[in-house]
Amino acid sequence: MTTSFVRIVVVIGFLRNALSTQNVPPNQIVIALSMFLTFYIMAPYWGQANENGLQPYLAGQITQEQALENVVEPIREFMFKQTRESDLALFVNLSDAERPNGPEDVSTFTLIPAFIISELKTAFQIGFMIYVPFIVIDMIVASTLMSMGMMMLPPVMISLPFKILLFVMVDGWHLLIKSLIVSFK
């Protein structure tokens with residue numbers, strides 16, 4: 001929940017719904033792809049956490065408390081970059097804590113839910129942008145079928161191949177994955 005996983009899995013879920021393919025790709029593939037993309041995006045932060053916190057602790061150079069602080073710091077940095085100020089303000093106000101002077105004064109327990117709702121909002125915005133072209137295809141197919149008097153034929157049955165063709169022709173996976181990764185920079 002403190003990584004890029006939430007945004008990625010929600011966006012891929014929206015893509016699957018927009019294409020009207022209920023189980024393609026299967027959940028296992030969606031989760032695996034989301035996990036590997038998360039590993040890719042989070043690698044610099046996890047590397048920093050390992051280098052500054054875990055390895056010095058295992059070598060006996062720092063205390064457990066210092067190691068925990070050093071491990072959490074890069075993850076907090078990532079979350080702060082992705083969290084909207086309004087979402088953070090909401091949870092700071094709800095916590096009844098004093099107004100923080102800077103990021104270091106914000107509790108991690110306040111930052112995490114603010115980060116999660118920011119990620120959900122971003123994922124829903126991306127999902128909306130994914131849905132639009134596919135809705136247009138559905139509307140065109142439904143209108144065409146209605147004008148031909150074919151009311152009993154489900155429009156999804158006809159529009160599905162067109163949506164898949166569009167997605168393949170524009171190299172949809174490349175565009176989607178690239179856009180997701182760039183959205184975290």
Side-chain angles (χ1 to χ4, degrees), residues 1-46 75 77-91 93-94 110-185:
M1 295 305 288
T2 60
T3 67
S4 57
F5 182 80
V6 173
R7 182 184 307 180
I8 295 167
V9 79
V10 170
V11 167
I12 294 174
F14 271 117
L15 171 68
R16 191 165 67 176
N17 286 335
L19 284 170
S20 302
T21 57
Q22 302 309 320
N23 294 318
V24 178
N27 287 335
Q28 294 88 341
I29 305 256
V30 170
I31 297 299
L33 177 60
S34 300
M35 286 176 56
F36 283 113
L37 289 173
T38 298
F39 295 155
Y40 180 80
I41 292 165
M42 297 302 295
Y45 300 97
W46 289 342
I75 306 305
E77 176 188 334
F78 171 78
M79 288 191 293
F80 272 116
K81 282 184 185 178
Q82 305 305 321
T83 304
R84 288 179 172 78
E85 194 172 315
S86 61
D87 294 332
L88 188 57
L90 169 70
F91 283 97
N93 290 336
L94 290 174
T110 302
L111 176 59
I112 291 172
F115 168 75
I116 292 170
I117 65 169
S118 287
E119 285 296 284
L120 287 172
K121 182 175 182 179
T122 302
F124 274 64
Q125 289 172 334
I126 295 170
F128 173 79
M129 297 305 292
I130 289 171
Y131 250 96
V132 171
F134 297 115
I135 287 176
V136 170
I137 291 173
D138 281 337
M139 288 172 39
I140 291 169
V141 168
S143 299
T144 305
L145 289 175
M146 288 292 285
S147 67
M148 294 170 62
M150 303 173 105
M151 289 171 248
M152 298 306 284
L153 184 62
V156 172
M157 180 184 274
I158 304 300
S159 67
L160 179 62
F162 291 111
K163 291 195 269 186
I164 292 173
L165 180 65
L166 172 68
F167 190 71
V168 170
M169 286 180 62
V170 299
D171 200 8
W173 285 111
H174 176 85
L175 290 172
L176 179 69
I177 300 306
K178 179 182 175 190
S179 298
L180 278 170
I181 290 172
V182 168
S183 74
F184 287 102
K185 301 279 180 181

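The model shown is predicted, which means the values in this text are computed figures rather than measured ones. When reading the values below, keep in mind they use all heavy atoms of this one structure, side chains included, and skip hydrogens, waters and symmetry mates.
For Phe128 and Phe14, the ring centers sit 6.0 Å or farther from each other.
Side chains of Leu15 and Trp173 form a contact here, defined as non-hydrogen atoms less than 4.5 Å apart.
Under a 3.5 Å cut-off, the side chain of Arg7 and the backbone N or O of Glu119 do not form any donor-acceptor pair. With hydrogens and angles disregarded, no donor-acceptor distance shorter than 3.5 Å links the side chain of Ser34 to the backbone of Phe5. Judged purely by atom type and a 3.5 angstrom limit, Gln82 uses its side chain to pair as donor or acceptor with the backbone of Phe184.
With sequence neighbours left out, the side-chain contact (heavy atoms from CB on, under 4.5 Å) criterion links Ile117 to Asp87, Leu90, Phe91. Applying the side-chain contact (heavy atoms from CB on, under 4.5 Å) criterion to Asn17, with sequence neighbours excluded, gives Gln22, Tyr131.
Note that CD1 of Ile137 is 4.5 Å distant from CG of Leu166, once rounded to the nearest 0.5 Å. The line from CE of Met139 to CZ of Phe134 is 15.0 Å long, rounded to the nearest 0.5 Å. Here Thr144 contributes atom OG1 and Met150 contributes atom CE; the two are 11.0 Å apart, rounded to the nearest 0.5 Å. One distance of note links CG of Leu37 with CD1 of Ile8; it measures 5.0 Å at 0.5 Å rounding. The distance from atom CD1 of Ile126 to atom CD1 of Ile12, rounded to the nearest 0.5 Å, is 11.0 Å. Here CG of Asp138 is found 11.5 Å from CD1 of Ile158. Values are rounded to the nearest 0.5 Å.
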